[in-house]
Amino acid sequence: LDFARKDIDIPASSPRNLLKDVHSQFIHQYQADHNSYMYIMSEHLRVSGIYWCVNAMDLSKDLEKMPSQEIIEYVKTCRNSDGGYGPAPGHDSHILHTLCAVQTLLIFGETIDSETSNEIASYVKSLQQEDGSFVGDIAGEIDTRFTMCSLATCHLINRPNTLNIQKAIEFIMRCYNTDGGFGTRPGSESHAGQVYCCVGSLAITGRLEEINRDRTAEWLAFRQCESGGLNGRPEKLPDVCYSWWVLASLAILGRLDFIDEKKMKRFIFACQDDETGGFADRPGDCADPFHTVFGIAALSLFGDETLEPVDPIFCMTKRSLGKLSIL
Ligand code: GRG
Ligand code: ZN
């Protein structure tokens, strides 16, 4: 029943190789233009946006083109008295932005002093619930994304024993479905983004033996569509960001060979905008920094030699992680 699967056609005129330089220009322009509509409208996710841009440039070996001091100072002003970081100065702390702030500082080689690390760790600890799960912020929503971000943050600031790891993994395993995937919470449907978060959480804590790797890898491999692109769950359209969520999960599981590399690269290349630069979710759509960094990161996982090698757990260059890299 192949014809029933949702998919897109790749236009014949689509790019067929990596257009690295136009992407660096796209990212550089995006972060430099503080008056653009896109920039103004994205304040609620600014620190995450900064990580996407800085990481895309580091992966592209163009980090020195970014205004490092200005960005480091800005990120530092997003820190709150609870120890966490918000998306912009004066915004409440959130674990998503706390991780992105730490990642950005590490990419620039900025040392996070011991007192700051302790304060960040105590913020992250405050998010863990009795059942081992994590909320993202004071709003109190629980999601396996927040487990991954909490474990990753504590790993990166060298405070791995701040959290109750045993309870955290027990909660992750309650989100493990019989199809091999993972959801946001116990009983939620499997979703590739959530699989990345749960497999990443297991890898950070050295607990990958808890799952059947082949079963999870097969569920991930089924995300590949005829076009070569990957979707996030059955009956959904392919999207280039899943090239990262799915491929990184397979890399962590040691099963990269479960998907068709050639077809997948064809889809990723076709998502590039050869005029504006950047990647869109699908061929022909509008490019943005989010899809750009994850498109580039996926190509790095495939070993593209013009890019810096990426770490599949932390989505940062191996270079910037140094000894913090686990795999
Ligand atoms: C990068 C180290 C690192 C950590 C990040 C926050 C996080 C950890 C991961 C997010 C994983 C995730 C849930 C990704 C999915 C994002 C996305 C495109 C969601 C869209 O979901 P739907 O249901 O779209 O709107 P679909 O594709 O299912 O139609
Ligand atoms: Zn997407």
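The first residue in the sequence is number 1, and the count goes up from there. These numbers come from the heavy atoms of this one structure, side chains and all, not from hydrogens, waters or symmetry mates. Read the numbers this way: they start at 1 and go in the same order the structure lists the ligands and their atoms.
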Colleague: Under the salt bridge (charged side-chain N to carboxylate O under 4.0 Å, His left out) test, which residues partner Asp214, sequence neighbours left out?
Modeller: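 Scan of Asp214 (salt bridge (charged side-chain N to carboxylate O under 4.0 Å, His left out), adjacent residues dropped) gives Arg255.
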Colleague: Checking one residue: Ile138. Which other hydrophobic residues are in its cluster under the side-chain 4.5 Å linking rule?
Modeller: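 Noted: Ile138 shares its cluster with no other residue.
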Colleague: Measure from the side-chain N and O atoms of Asn177 to the backbone N and O of Ser188, and report whether any donor-acceptor pair falls under 3.5 Å.
Modeller: yes
Colleague: Establish, yes or no, whether a centroid distance under 6.0 Å links the rings of His97 and Tyr85.
Modeller: no
Colleague: Distances under 2.8 Å only: what protein N/O/S atoms are near the Zn ion (ligand 2), ordered by chain and residue?
Modeller: Asp239 OD1, Asp239 OD2, Cys241 SG, His291 NE2
Colleague: If the threshold is 4.0 Å, N to carboxylate O, is there a salt bridge linking Arg174 and Glu170?
Modeller: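 No, Arg174 and Glu170 are not salt-bridged.
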Colleague: Anything with a heavy atom under 4.0 Å from ligand 1 counts, so go ahead and list those protein residues by chain and number.
Modeller: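 Tyr51, Leu96, Leu99, Gln103, Arg145, Cys149, His191, Gly193, Gln194, Tyr196, Cys197, Arg233, Lys236, Cys241, Tyr242, Trp245, Ile313, Phe314, Cys315.
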Colleague: Decide, yes or no, whether a salt bridge links Glu130 with Lys167 under the criterion of side-chain N to carboxylate O below 4.0 Å.
Modeller: no
Colleague: Can you tell me if NZ on Lys61 sees more than 12 non-hydrogen neighbours from other groups inside 6.0 Å?
Modeller: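 More than 12 within 6.0 Å, yes.
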Colleague: Run the ring-centre check on His94 versus Phe146 and record whether the distance is less than 6.0 Å.
Modeller: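 Close enough - the centres of the two rings lie under 6.0 Å apart.
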Colleague: Could you please spell out the steps behind the side-chain hydrogen bond (donor to acceptor under 3.5 Å, both in side chains) verdict for Gln194 and Arg185?
Modeller: CA-CA 9 Å; Gln194 252 62 44; Arg185 286 180 287 276; over 6 Å; no
